[in-house]
Amino acid sequence: MALEASEHKRSLSRKTSDRQMSGKAKPGKGKTADAGKESLAAKLKGAKQAPLPEFVEPQLATLVKSAPSGKRWIHEVKLDGYRLQARISQGKVSLLTRKGLDWTHKFGKAISSALLKLPVSDAVIDGEVAVEAGSGATDFSLLQQDLSDGRQDRFTFHVFDLLYLDGYDLAAVPLLKRKEILETILKDCDPALRYSEHFGDEGGIVLKHACRLSLEGIISKVATAPYRGGRGRDWVKSKCSARQEFVVAGYVPSSVSKTAIGSLVMGYYENGKLRHAGRVGTGYSNAVAQSLFKRLDELRIPKSPFDEKLTAVERKDVVYLKPELVAEVEFRGWTADSHIRHAAFRGLREDKDAGDIVREGAAEAEDAPMPAKRTVNLTHPDRVYWPDAGVTKAGLADYYTQVWRLMAPFVVNRPLALLRGPDGIKGQLFFQKHGWKGMNKNAALVKDPADPEQEDIIIRDLDGLLGLVQGAALEIHPWGSTVNDWEKPDMVNIDLDPGDGVSWERTIEAAYEVKRRFAEMGLTAFVKTSGGKGLHVVAPVKPKAEWPQVKATMKALADGMAADEPDKYVSTITKSKRTGKILIDYLRNGRGNTAVAPYSTRARPGAPVSMPIEWEELTDAISPNYFTVANAAARIAQQTRDPWREFRKAEAPIVFKEKK
DNA sequence: GCCAATT
DNA sequence: AATTGGCAACGCTTT
DNA sequence: AAAGCG
């Protein structure tokens with residue numbers, strides 16, 4: 001399918017004539033109206049005159065263990081979408097998959113018409129279609145959802161190469177030169193198109209930054225290389241977390257619902273034989289699980305499709321399937337017995353053939369030692385707590401297992417309030433701070449010395465936290481003091497809650513203002529996303545002052561901000577909801593009050609988490625709910641430094657100023 | 001998630 | 001036998 | 001004084 005360009009002719013010719021001013025005109029072959037544009041391509045060394053090709057085999061990247069270093073490489077962000085080749089020919093656009101199938105119609109008019117507005121008449125452009133999740137990150141499962149819902153308003157086409165332009169084949173032109181021309185063409189284009197920038201820094205550094213932003217990884221390319229179809233070494237990809245396609249070879253029915261999936265059984269081919277790769281039990285939303293079930297049902301076969309004998313455990317409850325579907329899976333590594341570990345479903349890949357699926361990255365580093373098997377028993381591990389994000393109870397337990405090392409100092413031995421939701425975030429949620437009958441024994445109860453009637457919940461180790469997961473704790477809210485000294489907080493917390501119409505930039509500005517005021521008091525501020533709407537600024541304090549003074553001090557800070565800039569900030573609750581202001585919420589600093597813990601999940605759509613970050617990361621690249629259960633693991637696994645590593649070391653006493 | 005009280 | 005209620009608490013504002 | 005709201 002292709003689209004007519006009539007309505008865009010005018011803008012096209014205007015841009016063309018603009019360009020003629022600076023370019024050296026050189027007539028091309030078989031062109032009439034657009035003769036001037038030839039200059040762009042023709043002056044390039046290596047460009048050769050050729051007819052517009054029907055399809056160019058896309059260049060593919062080889063997976064490598066670590067990003068290449070050295071000046072010959074440039075690096076681009078790896079996007080999580082569909083590779084697409086845009087072919088523009090005399091006012092018609094077609095979008096071709098990596099195998100040359102015409103998928104123009106699947107992506108709606110926005111991309112096609114944006115391409116037609118470019119100042120070219122014939123071109124082949126290489127890129128990736130993606131859907132932006134929230135602010136900036138691209139998400140393959142969202143893309144997939146939009147495709148199946150027929151939703152077409154969120155697609156963006158990120159272009160990174162130009163293979164043909166107005167009569168000239170550019171394949172032999174060095175990459176940087178091709179990108180330079182491409183960038184010129186893309187200048188001031190429709191926002192549905194994005195030029196994919198590259199970075200010249202060391203590969204390792206670029207990768208680290210990409211991973212910190214929970215992106216999928218980077219593609220590194222030889223700056224001077226020509227375009228060559230197929231998989232080669234001129235383009236290499238390095239990933240933040242292991243992620244690859246597998247063949248769906250079976251499923252285990254859900255223990256909860258009859259028409260849902262508990263887990264998928266995955267496989268890959270090795271020398272033509274189908275090998276077993278383990279199960280994937282988390283990551284699919286309800287909607288996906290529904291449609292998946294329908295498709296899987298039609299593929300049922302009585303006997304195992306694997307070319308190897310499965311163990312009794314591997315076989316348990318499995319319904320075998322004809323190995324036709326291909327799914328993308330994110331996982332933390334391979335176990336010694338060649339199973340994928342901590343695997344999460346990321347979507348079906350309709351553009352891949354099951355027969356082509358092999359184990360990637362054979363050159364990968366040795367697998368990390370097998371983590372100890374979970375000892376806390378989870379009833380209904382495949383109960384879905386976040387239906388839209390596909391996070392199950394077991395998935396929640398896996399998440400906490402991964403972040404535990406970093407999270408522990410903020411939750412161990414602190415009285416806790418829990419937001420529980422046994423039926424997931426769509427069911428009824430309730431707070432709970434005292435023990436209950438049937439509470440998992442890995443969590444403990446401690447008498448509040450000031451109120452021995454009450455037994456507060458604490459945890460001492462990961463098993464304690466997993467015990468709370470078993471109790472369907474979807475949010476963890478600790479006190480600011482520990483049971484070593486209930487009356488003296490060792491941290492303070494300011495919650496910045498932007499009202500309607502407050503920009504992200506202004507919320508960031510507010511965080512810096514709190515940081516500045518903390519610094520004036522001698523406190524070191526740390527910042528985290530809230531997982532909701534705003535930001536949390538937290539400071540460690542020496543457990544010296546008691547709750548009433550600490551609270552008064554924080555109230556003074558909040559009131560001070562509101563008084564100094566009343567059109568920006570308010571310090572009392574209800575008035576705040578009035579648009580355009582940021583609520584400086586200090587009330588998390590009283591005895592028995594709690595604030596959501598660093599790394600705690602939030603019982604909100606998308607399974608966001610409250611993520612500690614460096615101040616430098618506080619930019620418009622992220623948002624309050626940018627980090628989620630799905631993308632946090634990649635960030636944690638990759639980051640070399642804990643953003644809050646200095647937290648305990650930075651503690652200082654609060655000096656209470658008596659007011660006159 | 002689970003117990004207890006209620007229909 | 002099946003359904004329903006409960007499971008925090010605090011300062012503040014509106015009713 | 002009670003009820004609503006983060």
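Chain A is the first sequence line, chain B the second, and so forth, proteins listed ahead of strands; every chain is numbered from 1.
Comparing B/dC2, C/dA8, C/dA9 by their nearest atom to the side chain of A/Gln432 picks out C/dA8. Considering only side-chain atoms of A/Asn593, the nucleotide from C/dC10, B/dA4, C/dA8 that sits closest is C/dC10.
Residue contacts for A/Ala472: at a heavy-atom cut-off of 4.0 Å it reaches the sugar-phosphate backbone alone, with no base atom in range. Within 4.0 Å (heavy atoms only), A/Thr379 reaches sugar-phosphate atoms of the nucleic acid but no base atom.
Taking the ring axis of A/Trp615 as reference, the NZ or CZ atom of A/Lys515 stays within 45° of it and closer than 6.0 Å to the ring centre.
Computed from coordinates, the A/His434 NE2 to C/dA9 C1' distance equals 9 Å when rounded to whole Å. Rounding to whole angstrom units, CG of residue A/Leu416 and P of C/dA9 are separated by 14 Å. Atom CZ in A/Arg588 sits roughly 13 Å away from atom P in D/dG6 (whole-Å rounding). Atom P of nucleotide C/dG5 and atom CZ of A/Arg420 are separated by 17 Å, given to the nearest angstrom. In this structure, the CZ atom of A/Phe430 is 14 Å from the C1' atom of C/dT4, given to the nearest Å. Between the CZ atom of A/Phe431 and the C1' atom of C/dC10 there is a distance of 12 Å, given to the nearest Å. We find that CD1 of A/Ile457 is positioned 14 Å from C1' of B/dC2, with the value rounded to whole Å. Regarding A/Leu429, its CG atom lies at a distance of 13 Å from the P atom of B/dG1, rounded to whole Å.
Partner of A/Phe410 under the ring pair (Phe, Tyr, Trp, His ring centres under 6.0 Å) criterion, out of A/Tyr599, A/Phe647, A/Trp479: A/Phe647 alone.
At B/dG1, one or more side-chain N or O atoms of A/Lys393 fall inside 4.0 Å of OP1 or OP2 (strictly under the cut-off). For B/dG1, neither phosphate oxygen OP1 nor OP2 lies less than 4.0 angstrom from any side-chain nitrogen or oxygen of A/Gln428. Within the 4.0 Å cut-off from OP1 or OP2 of C/dC10, not a single side-chain nitrogen or oxygen of A/Tyr586 is found.
Spacing between B/dC2 and C/dC10 at atom P, rounded to whole Å, works out to 29 Å. Taking atom P on both C/dG6 and D/dG4, the two are 15 Å apart, rounded to the nearest angstrom.
Side-chain contact between A/Asp463 and A/Val376: present, with at least one pair of heavy atoms (C-beta onward) separated by less than 4.5 Å.
A/Thr601 and A/Tyr400 share a side-chain donor-acceptor pair at under 3.5 Å. Using modelled atom types, one finds no donor on one side chain facing an acceptor on the other under 3.5 Å when comparing A/Asp382 with A/Thr392.
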